[in-house]
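Both ligands and their constituent atoms are indexed starting at 1 by order of listing. Position 1 is the first residue of the sequence, and the numbers go up from there.
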Amino acid sequence: MDSTSLTDPAKTYGIHIWSEDNFIVEDGVVKINYGSRPSLVEITKKMREDGYKGPLFLRFPHLAAKNVRRLFYHFERAKKEFGYKGKFKAVFPLKVNQFPGFIIPLMEATRDLEYGLEAGSKGELILAMAYNNLGKPITVNGFKDREMISIGFLAAKMGHNITLTIEGINELELIIKEVSRLGTPVPKIGLRIRLHTGGIGIWAKSGGYSSKFGLTSTELLEAMELLKKHNLTDRLSMIHFHIGSQMNHISPLKKAIREAGNIYAELRKLGAENLRAINIGGGLAVEYSQHEGRSSRNYTIEEFTNDVVFLLKEIAQAKGVREPTIFTESGRFVAASHAVLVAPVLELFSQEYSEKSLHLKEKNPPLVQELYDLYRSISTKNAREYLHDALDHMESLLTLFDLGYIDLTDRANTETLVHLIIKKALQLLRDKPSKEIRDILDRVQERYLVNFSLFQSLPDYWGLGQSFPVMPLDRLDKRPTRSASLWDITCDSDGEIAFNIDRPLYLHDVDVEKEEYFLGFFKVGAYQEVLGMRHNLFTHPTEATISFEEDGSYRIEKILEAQNILDVLDDFDYDTKEIERRIRQQIEESDTIKDEERKEILGELYLYLSENGYLRTINFNE
Ligand SMILES: *Cc1c(COP(=O)(O)O)cnc(C)c1O
């Protein structure tokens with residue numbers, strides 16, 4: 001193995017920055033740093049041998065469980081360090097990932113912890129009731145109608161430890177009405193507070209005075225009056241805030257905690273004797289960056305937990321109240337790393353420029369002839385110079401074409417020769433990276449056509465410009481030479497991850513007609529699945545769960561194949577029987593189809609309808 005490969009950032013794609021040791025580079029491939037350390041490319045090839053072509057969505061339940069345990073470990077550690085007497089509990093916010101392949105194993109793996117679920121809608125509340133470990137916390141946020149509050153009462157009757165967080169006074173009034181209708185047990189009541197501290201970043205609307213949610217100071221006082229009047233003060237158990245997702249700085253959280261801590265103390269003074277918990281919401285950030293100096297957050301989990309515990313202790317002491325139970329609703333932090341999208345590269349744009357496609361004439365324009373000579377005689381010594389010359393000649397030749405001096409064949413030869421020279425030069429200079437070469441490279445990017453839909457699998461890239469760590473699954477002992485832009489297979493021009501000089505991506509020059517090349521997109525386990533859209537009718541990719549046995553061996557299980565075309569159309573409320581009937585009729589009535597062909601054509605079309613819409617191959621020689 002190349003001894004520099006572990007430290008060479010060009011070959012490891014910043015894995016030491018973003019992977020938290022969940023994935024490692026070894027022997028030129030990305031491996032899962034767990035159990036027998038299988039490589040992602042080995043798992044991918046196994047699945048492809050079993051017929052699952054197209055993109056794969058791989059889940060690693062051990063990583064979600066690990067993240068929850070890290071959260072508990074660090075809060076317990078910080079509590080000990082500061083002598084904090086309050087408890088720590090947490091819930092997973094379902095809106096971040098409601099898929100059974102994620103939620104069910106998560107609940108199984110965290111039974112021994114004070115860990116539950118957070119619901120923000122009726123559907124999520126039903127999920128929480130069905131899958132939460134009984135007795136572990138359920139919190140309910142978001143706008144609620146009478147029906148949703150009734151479901152909360154029923155959950156309490158079923159023995160769930162449920163807290164309904166009030167977003168406005170009207171919800172408290174609804175609860176009061178339900179008490180007289182449904183009696184006890186009454187769910188615990190939480191109050192979402194409207195902070196004067198603003199939220200941050202692109203999700204800022206979650207916090208602050210202009211927030212969609214939460215009670216103002218006046219409304220808090222009003223809520224206390226109402227609770228007292230209806231003998232429900234003892235049900236008030238939690239106050240809650242959420243300042244936004246992916247907090248890149250910790251200072252707004254610190255401000256919010258000071259504010260919330262003081263509100264907690266004031267409410268207790270006003271008689272809320274069972275108010276025990278402060279729920280600090282989610283927002284704990286994930287490191288998505290794969291480039292030095294471009295970190296997505298300025299704090300660690302140690303710092304985060306220390307700050308929360310320290311501040312709450314300080315406020316409790318100053319105000320002479322008991323130290324509150326700390327609740328968190330971290331979603332992204334728990335879910336993001338558990339899933340990896342593996343997508344095959346289908347084509348490199350410059351692949352069409354091969355020596356075969358040259359159509360040199362008996363007599364070529366002098367500059368074309370010169371390009372050809374450069375191509376024939378390029379060597380390590382002159383590569384840099386020849387590269388410059390080639391690019392200069394290309395500009396001149398393109399101008400000559402615009403002025404009508406050379407023809408289309410000359411222009412085609414120019415394009416092909418320049419690409420061939422670039423390829424050869426990069427090959428020759430592979431181990432001599434210099435700024436100058438990088439600059440040239442960055443101008444002549446390679447476009448990689450990748451078998452996935454950005455809208456389905458990375459919607460936050462499209463919607464918010466959120467970037468995700470991406471790297472090839474193998475060849476990591478070789479220095480990548482091409483500055484890459486990634487094209488998905490939708491026919492939408494937004495379906496592109498353009499080359500960005502501030503966060504450059506370099507990939508290998510491969511001949512995908514001869515060898516396979518797979519890209520892994522990491523940390524796609526939070527929000528992406530449910531926000532993903534079926535633009536161009538591309539569905540959720542084929543998914544699989546990778547689980548590990550005690551002895552370290554792994555299993556590929558719970559394979560869920562991407563929906564086939566007819567099922568997608570059915571989801572869009574098409575009558576698929578009608579679609580089949582129309583197609584059959586057209587085949588039967590067509591004048592251009594011979595009688596003996598009809599059955600075969602129908603059969604072939606049916607086959608396509610029963611497959612998913614991702615591309616299987618675009619090379620006919622495969
Ligand atoms: C979305 C949301 C969360 C989760 O936020 P993350 O940034 O994913 O941790 C937690 N609580 C509430 C109320 C939310 O709306």
Side-chain angles (χ1 to χ4, degrees), residues 63-64 67-68 70-72 74-75 89-99 102-103 106 115-121 123-125 127-128 137-144 148 162-168 171 190-195 197 199-208 211-215 238-250 252-253 256-257 260 277-288 296-297 299 301 304-305 308 326-339 459-460 463-464 466 468 523-531:
L63 291 179
N67 293 335
V68 174
R70 272 174 77 206
L71 199 61
F72 275 80
H74 281 291
F75 268 107
K89 300 181 183 186
V91 286
F92 179 79
L94 279 162
K95 81 161 190 284
V96 180
N97 193 321
Q98 306 89 339
F99 283 79
F102 173 78
I103 290 297
L106 181 70
Y115 193 61
L117 292 168
E118 183 264 357
S121 66
E124 289 182 356
L125 180 50
L127 267 188
I138 293 180
T139 59
V140 187
N141 299 321
F143 295 115
K144 297 165 208 66
M148 188 150 165
I162 183 169
T163 306
L164 298 178
T165 303
I166 304 312
E167 310 276 356
E171 290 182 4
L191 299 176
R192 180 140 173 185
I193 54 178
R194 186 171 295 234
L195 299 172
T197 312
I200 41 169
I202 22 195
W203 289 274
K205 285 198 282 294
S206 304
S211 159
K212 203 165 127 187
F213 300 110
L215 303 173
M238 178 189 285
I239 57 168
H240 175 229
F241 68 86
H242 170 66
I243 61 173
S245 205
Q246 185 66 5
M247 301 183 293
N248 44 2
H249 286 271
I250 200 150
L253 178 75
I257 285 178
I278 297 188
N279 182 339
I280 64 169
L284 185 50
V286 160
E287 185 55 80
Y288 290 105
S296 348
R297 49 171 197 199
Y299 57 92
I301 174 96
F304 170 82
T305 49
V308 173
I326 301 166
F327 249 92
T328 72
E329 299 177 330
S330 283
R332 185 184 298 275
F333 177 83
V334 169
S337 64
H338 101 282
D460 276 347
L464 299 165
Q466 171 69 59
F468 296 86
K523 301 210 160 170
V524 297
Y527 297 102
Q528 304 316 293
E529 277 182 85
V530 72
L531 293 178

Atoms of ligand 1 close to [X] [distance to a heavy atom under 4.0 angstrom, numbered from 1]:
{"X": "S330", "result": "9 (O)"}
{"X": "G331", "result": "6 (P), 8 (O), 9 (O)"}
{"X": "Y527", "result": "1 (C), 4 (C), 5 (O), 6 (P), 7 (O), 8 (O)"}
{"X": "G282", "result": "5 (O), 9 (O), 10 (C), 11 (N)"}
{"X": "S245", "result": "6 (P), 7 (O), 8 (O)"}
{"X": "N141", "result": "13 (C)"}

Inset, instruction - Compute the minimum heavy-atom distance from H240 to ligand 1 and say whether it is under 4.0 Å. - result: yes
Legend entry - Positive for side-chain contact (heavy atoms from CB on, under 4.5 Å) with E118, one of L125, T165, V96, N141: N141
Polar side-chain atom of [X] near backbone of [Y] as donor-acceptor pair, under 3.5 Å:
{"X": "E167", "Y": "G142", "value": "yes"}
{"X": "N97", "Y": "G525", "value": "yes"}
{"X": "Y299", "Y": "L284", "value": "no"}
{"X": "E171", "Y": "K144", "value": "yes"}

What about [X]: any of its N or O atoms under 3.5 Å from an N or O on ligand 1?
{"X": "R332", "answer": "yes"}
{"X": "V96", "answer": "no"}
{"X": "G244", "answer": "no"}

Legend entry - Residue that, paired with T139, satisfies side-chain hydrogen bond (donor to acceptor under 3.5 Å, both in side chains) out of K89, H240, E329: E329
Legend entry - Centroid-centroid distance, F333 to F304, less than 6.0 Å: no
Legend entry - Side chain, backbone, both or neither: the part of P93 lying under 4.0 Å from ligand 1 by heavy atom: side chain
Legend entry - Which segment of E329 sits under 4.0 Å of ligand 1 when only heavy atoms are counted: both
Inset, instruction - Report yes if some heavy atom in the side chain of T163 is under 4.5 Å from a heavy atom in the side chain of N279; otherwise report no. - result: no
